[in-house]
Asks: 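Sharing a structure below in structure tokens format, with a few things to ask.
The basis for the numbers below is simple: all heavy atoms, side chains too, and nothing from hydrogens, waters or symmetry mates.
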Amino acid sequence: MPPASEVPNRDTDTVRRVVRWFEGNGRTLPWREAADHAWGVLVSEVMLQQTPVARVLPLWREWMARWPSPEALAGASPAEAVRAWGRLGYPRRALRLRECAAAIVRDHQGQVPCEESVLRALPGLGDYTAAAVVSFAFGTRTAVLDTNVRRVIARVWGGEALPPGHTTRAERVRALALVPDDPKESVRWNIGAMELGALVCLSRNPRCDECPIQDRCAWLDAGRPGLGVRTTPRQPWHGSDRQVRGRILALLREASAPINLTEHASLENVDPGQLDRCLESLVADGLARLVSAEQGTFGL
DNA sequence: TAAACGTGGTA
DNA sequence: TTACCAAGTTT
């Protein structure tokens, strides 16, 4: 544990102001409307990992209509899940979500577990998602630490432009200290802090003049230092394995039958070695299937 | 622990 | 146009 000097006061008043702001400014999103539907919350949280709300909305509606329960999704094939994932990105999430559904059916009587540690053990659910599900779907008091909440806390109580590259122990301690004792209020704070980070306390262009706690922000007080400082270098995209894997997967999603990928016209400009490497990794990930080695054909 | 993992909107 | 970035997880 860090020394007590690093643990801020509860700061109940600032927390309450964020909650009030959310009540008047929060978006009405479908997975919030039916917050008692744990499966819907879980699906939304997985889809929202590193993915903007606007892109998730139509896919979430499709998935909930098609697979309204863990049992329903558990009955789908991996290929169906990957195809239905469309262009949401990080398609391994589709496989893991389906595996998650199967585990829920197999080990939890088809009911989404309500314990954070149990959820954390399911495929595709990490610290953030497990906390989000117990908070938003079950109303349990816990600290939900996503990139939005981390940024809000880093600025308001830390005076820093951005949180560290990975979640630190100190961040968790500080975050938990801010969570209200009352479970219902803790949920409002979690979702309100996330929404504040998503709509106002933006990473690059924060709208501090619209912020309900601008007079409580250590970072704004300090003159917003460090904005625009590059933290982690980005990997090049053009020509990367990621790009090639994405192109391959796009072809596989569209194809209704196995297709030749080693001599595919749209992959002509890809280095054969890289193509082989990407195909191999996709097969290893369960995102592609070698149908015929002789013909070089693959399917989902 | 660092690196890998998709995609498309925005400035 | 390039670069950033959006409710992270896994190995």
Asks: Do A:Leu95 and A:Trp85 have side-chain heavy atoms sitting under 4.5 Å apart?
Replies: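 No, too far: nothing below the 4.5 Å cut-off.
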Asks: Give every pair of a protein N or O atom and an N or O atom of nucleotides 9-11 of chain C that lie under 3.5 Å apart, one pair per line with the distance.
Replies:
| unit_1 | atom_1 | unit_2 | atom_2 | d |
| --- | --- | --- | --- | --- |
| C:dT9 | OP1 | A:Gly126 | N | 2.7 |
| C:dT9 | OP1 | A:Gly126 | O | 3.4 |
| C:dT9 | OP1 | A:Thr129 | N | 3.0 |
| C:dT9 | OP1 | A:Thr129 | OG1 | 2.6 |
| C:dT9 | OP2 | A:Asp127 | N | 3.4 |
| C:dT9 | OP2 | A:Tyr128 | N | 3.3 |
| C:dT10 | OP1 | A:Gly124 | N | 2.8 |

Asks: Heavy atoms under 4.0 Å, any strand shown: does A:Val53 hit a base, just sugar-phosphate, or nothing?
Replies: base
Asks: Answer yes if the side chains of A:Glu116 and A:Thr142 hold a donor-acceptor pair under 3.5 Å, and no otherwise.
Replies: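 Result is yes, a qualifying pair exists.
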Asks: Check this for me: does any side-chain nitrogen of one of A:Arg216 and A:Asp13 sit under 4.0 Å from a carboxylate oxygen of the other?
Replies: yes
Asks: Among all residues two or more places apart in sequence or in another chain, which pass the salt bridge (charged side-chain N to carboxylate O under 4.0 Å, His left out) test with A:Glu62?
Replies: none
Asks: How close or far is atom P of C:dA6 from atom CE of A:Met194, stated in whole angstroms?
Replies: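 After rounding, the reported distance stands at 12 Å.
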Asks: Using ring pair (Phe, Tyr, Trp, His ring centres under 6.0 Å), reason through A:Trp67 and A:Trp39 one step at a time and then give a plain yes or no.
Replies: CA-CA 10 Å; A:Trp67 297 304; A:Trp39 174 240; 9.4 Å; no
Asks: Can you get from A:Leu220 to A:Ile153 by hopping between Ile, Leu, Val, Met, Phe, Trp and Tyr side chains that sit under 4.5 Å apart?
Replies: no
Asks: Nearest whole angstrom, please: distance from the C1' of C:dA7 to the CG of A:Leu88.
Replies: 12 Å
Asks: Can you list, in residue-number order, the parts of residues 76-87 of chain A that come under 4.0 Å of DNA chain C, counting heavy atoms only?
Replies: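 Per residue number, the list is empty: none.
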Asks: Can I get a per-line list of side-chain donor-acceptor pairs under 3.5 Å for residues 125-132 of chain A, giving both atom names and the distance, sequence neighbours left out?
Replies:
| unit_1 | atom_1 | unit_2 | atom_2 | d |
| --- | --- | --- | --- | --- |
| A:Asp127 | OD1 | A:Arg120 | NE | 2.6 |
| A:Asp127 | OD2 | A:Arg172 | NH2 | 3.4 |
| A:Tyr128 | OH | A:Glu45 | OE1 | 2.6 |
| A:Thr129 | OG1 | A:Gln49 | NE2 | 2.9 |

Asks: For A:Gln274 and A:Asp241, does a side-chain donor sit closer than 3.5 Å to a side-chain acceptor?
Replies: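 Side-chain D/A pair, A:Gln274 to A:Asp241: present.
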Asks: Starting at CE of A:Met47 and ending at C1' of B:dG6, how long is that distance when rounded to a whole Å?
Replies: 15 Å
Asks: Can you tell me, in whole Å, how much space there is between the P of B:dG6 and that of C:dT11?
Replies: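 Per the computed distance, 13 Å lies between those P atoms.
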Asks: Looking at A:Arg98 and A:Ala76, would you say the former's side chain and the latter's main chain have a donor-acceptor pair under 3.5 Å?
Replies: yes
Asks: Tell me: CG of A:Leu282 to C1' of B:dG6, nearest whole Å?
Replies: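 In whole Å, B:dG6 C1' and A:Leu282 CG are 11 Å from each other.
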Asks: Between A:Glu160 and A:Trp219, is there a donor-acceptor pair closer than 3.5 Å when you use the side chain of the first and the backbone of the second?
Replies: no
Asks: Roughly how many Å apart are B:dA4 and C:dA7, using the P atom of each and rounding to a whole number?
Replies: 23 Å
Asks: To the nearest Å, give me how far apart CH2 (A:Trp237) and P (C:dC5) are.
Replies: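 Rounded to whole Å, this separation is 17 Å.
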Asks: Would you kindly give the CD-to-P distance between A:Gln50 and C:dC5, to the nearest whole Å?
Replies: 12 Å
Asks: Does A:Arg277 reach a base, just sugar-phosphate, or nothing at all? Heavy atoms under 4.0 Å.
Replies: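 A:Arg277: no heavy atom of the nucleic acid under 4.0 Å.
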Asks: Which heavy-atom pair separates A:Asn148 from A:Ala198 by the least distance, and what is that distance?
Replies: OD1-N, 3.4 Å
Asks: Look at all strands and tell whether A:Ile248 reaches a base, only sugar-phosphate, or nothing, counting heavy atoms closer than 4.0 Å.
Replies: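 Counting heavy atoms under 4.0 Å across all strands, no contact is made by A:Ile248.
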Asks: What heavy-atom pair brings A:Arg174 and A:Trp157 nearest, and what distance separates the two atoms?
Replies: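 Scanning both residues, the minimum pair turns out to be NH2-O, 3.4 Å.
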Asks: Which of residues 146-155 of chain A sit near DNA chain B, with a heavy atom under 4.0 Å from it?
Replies: none
Asks: Would you kindly give the CG-to-P distance between A:Asn205 and C:dC5, to the nearest whole Å?
Replies: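 In whole Å, C:dC5 P lies 9 Å from A:Asn205 CG.
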Asks: Separation of A:Tyr90 atom OH from B:dT7 atom P, in whole Å?
Replies: 10 Å
Asks: Could you tell me if the side chain of A:Ile259 sits less than 4.5 Å from the side chain of A:Phe298, heavy atoms only?
Replies: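 Heavy-atom side-chain distance check fails, nothing below 4.5 Å.
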Asks: Would you tell me whether A:Thr297 and A:Asn260 have side-chain atoms, one donor and one acceptor, within less than 3.5 Å of each other?
Replies: no
Asks: Which parts of residues 196-203 of chain A get close to DNA chain C, meaning a heavy atom less than 4.0 angstrom away?
Replies: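 Going residue by residue through residues 196-203 of chain A, the ones with a heavy atom under 4.0 Å of DNA chain C turn out to be A:Ala198, A:Ser203.
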